[in-house]
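The sequence lines fix the lettering, A, B, ..., with proteins before strands; numbering per chain opens at 1.
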2 protein chains.
Amino acid sequence: MKTAACTVAKGRPREFDVDEALTAALRIFWTKGYEGASLTDLTEAMGITRPSLYAAFGNKESLFCKALELYEREKLCYIGRALEAPTARGVAEALLRGALERQRDTSDPRGCMGVINSVACGVEAESIREEVLKRGESAKRAIVARFERAKQEGDLPDHADPEGLTSYIIALIQGIALQGGAGTSCADLERLVQTSLSMWPAK
Amino acid sequence: MKTAACTVAKGRPREFDVDEALTAALRIFWTKGYEGASLTDLTEAMGITRPSLYAAFGNKESLFCKALELYEREKLCYIGRALEAPTARGVAEALLRGALERQRDTSDPRGCMGVINSVACGVEAESIREEVLKRGESAKRAIVARFERAKQEGDLPDHADPEGLTSYIIALIQGIALQGGAGTSCADLERLVQTSLSMWPAK
DNA sequence: CGGCTTATATACCGCTCGTTATGAAAACCG
DNA sequence: CGGTTTTCATAACGAGCGGTATATAAGCCG
């Protein structure tokens with residue numbers, strides 16, 4: 001009994017590519033937020049009808065979760081790579097430059113999908129908010145762990161506060177995304193990053 | 001002809017206090033955002049009916065603008081005071097501590113009204129977004145001017161970048177508001193501020 | 001008291017929202 | 001070819017949205 005990846009389709013084959021549709025949906029959620037993205041916006045961008053969307057993705061909420069997963073996998077992968085930098089300063093620099101590059105990419109919307117959807121809106125979006133915050137928490141824990149390791153390795157001074165450093169660097173990343181989404185020019189964002197890096201000790 | 005403040009009321013006197021109602025409306029916009037706040041939410045919190053709201057405040061959009069004005073006047077006054085600090089570092093410290101105190105105040109909602117409403121939602125809220133961003137811009141210019149003054153006074157080194165420093169400090173403030181709105185404990189936020197201050201040169 | 005003005009209360013408007021019922025179309029199997 | 005299964009297209013559902021028409025109540029002025 002083969003449960004997964006049945007190669008022979010039984011009924012009428014679907015006429016659209018699921019991954020392409022999900023990518024289109026991501027762009028809508030990214031620019032308009034969960035509540036701001038109506039089903040009309042979504043179906044028009046995805047090029048499919050409402051029943052097709054519900055058959056393929058369940059409902060609006062599960063569609064959002066799948067889009068969020070795609071977003072983290074393709075657009076936030078720089079975070080995981082940044083943690084592999086040899087020094088704490090290298091980690092911070094990679095994080096800041098990664099966030100900056102995200103705002104530089106003109107083929108993608110400005111702002112950050114997570115930041116946009118972490119601010120409270122209607123009551124219906126409460127579960128969405130929690131899902132977004134949950135993922136943010138796990139990313140935060142990973143950075144804390146990396147800074148604690150750096151402290152043990154003598155890469156950070158004994159009086160360093162890994163939690164404080166993490167909140168600090170996340171605040172800067174959030175600020176970059178927020179200001180980028182607000183329309184701040186990339187040149188200005190670059191100066192923000194430059195200033196941040198000049199603050200970090202032990203150049 | 002006395003245009004303003006006519007002391008004698010002509011018709012039936014209104015049965016609610018306009019300032020109290022506006023304060024209640026502010027809390028709703030603050031916690032739910034412009035689009036997330038329905039007229040039902042607003043009228044229930046304000047203790048008035050829909051026609052009373054429209055007679056006193058115009059419509060939802062102008063009500064929001066009046067609430068935003070009240071918010072800046074009462075909750076963001078720490079920014080203006082911070083700019084009066086004698087040194088650039090004093091300014092930065094007052095800004096960060098002011099933002100932290102805002103998240104500490106348990107009698108007010110967490111997060112920042114401006115941050116919440118600066119992220120894009122539906123198309124109807126586009127003018128709201130622009131209004132919020134406009135006010136943010138003016139605050140930014142004030143901080144830039146203050147840092148430029150500090151540079152002229154020799155309070156900041158010649159190679160300092162007032163624009164970059166401003167974007168940097170605003171990013172931290174935005175991060176504090178965002179993390180505060182996300183439920184981060186005040187203790188953690190305090191460490192964030194502490195870390196930020198430890199980064200600023202020339203203690 | 002009557003006339004005038006303004007605030008209140010109830011109910012409703014047209015519209016959009018997310019979701020789904022209905023029926024026809026397209027592939028496979030026997 | 002008939003039967004089965006899945007997808008597609010149209011249209012509709014109930015609920016909630018921002019905003020308002022209508023009628024009544026409460027004050028002043030003469």
Atom CZ of B:Phe16 and atom P of D:dG27: how far apart are they, to the nearest Å?
15 Å
Between C1' of D:dC17 and CD of B:Glu44, the distance in whole Å:
14 Å
Quickly work out the A:Asp17 CG to D:dT7 P distance and round it to whole Å.
14 Å
Take atom CG of A:Leu42 and atom P of C:dT16, then tell me their distance rounded to the nearest Å.
17 Å
By side chain to side chain contact (heavy atoms under 4.5 Å, CB included) - contacts of B:Arg97 (at least two apart):
B:Glu93, B:Val193, B:Gln194, B:Leu197
In terms of side-chain heavy atoms of B:Glu15, which of C:dT8, D:dT20, C:dT19 is nearest?
C:dT8
For the pair made of CG in A:Leu39 and P in D:dC13, what is the distance, rounded to whole Å?
18 Å
Options C:dT10, D:dG19, C:dG18, nucleotide nearest the side-chain atoms of B:Asn59:
D:dG19
On DNA chain D, does the nearest nucleotide to A:Gly11 precede the nearest nucleotide to B:Ala37 from the 5' side, or the other way round? Give the residue.
A:Gly11
How long is the line joining NZ of B:Lys32 and P of D:dG18, in whole Å?
11 Å
Looking for any heavy atom pair under 4.0 Å, which part of the strands does A:Pro51 touch: base, sugar-phosphate only, or nothing?
base
Kindly say if B:Ser52 contacts the phosphate of C:dT8, meaning a side-chain N or O under 4.0 Å from OP1 or OP2.
yes
Measuring from the side chain of A:Arg12 (C-beta onward, heavy atoms only), which nucleotide among D:dC8, C:dT5, C:dA9 has the closest atom?
D:dC8
Heavy-atom closest contact (A:Glu35 atom, A:Ala125 atom, distance):
OE2-CB, 3.5 Å
From the set D:dG19, C:dG18, C:dT6, return the single nucleotide nearest to any side-chain atom of B:Lys10.
C:dT6
OP1 or OP2 of C:dG18 sitting under 4.0 Å from any side-chain N/O of A:Lys60?
yes
Using a 4.5 Å cut-off on heavy atoms from C-beta on, say whether the side chain of A:Arg135 contacts that of A:Tyr71.
no
Would you kindly give the CD-to-P distance between A:Glu35 and C:dG18, to the nearest whole Å?
9 Å
Heavy-atom donor-acceptor pair, A:Thr31 side chain to A:Pro109 backbone, under 3.5 Å
no
Just to confirm, is there a sub-4.0 Å distance from OP1 or OP2 of C:dC17 to any side-chain nitrogen or oxygen of A:Ser38?
yes
Quick one: sort the B:Trp200 and B:Tyr168 rings into parallel, tilted or perpendicular, breaks at 30° and 60°.
tilted
B:Tyr54 OH to D:dT22 P, straight-line distance once rounded to whole Å:
18 Å
C:dA7, OP1 or OP2 - any side-chain N/O from B:Arg14 closer than 4.0 Å?
yes
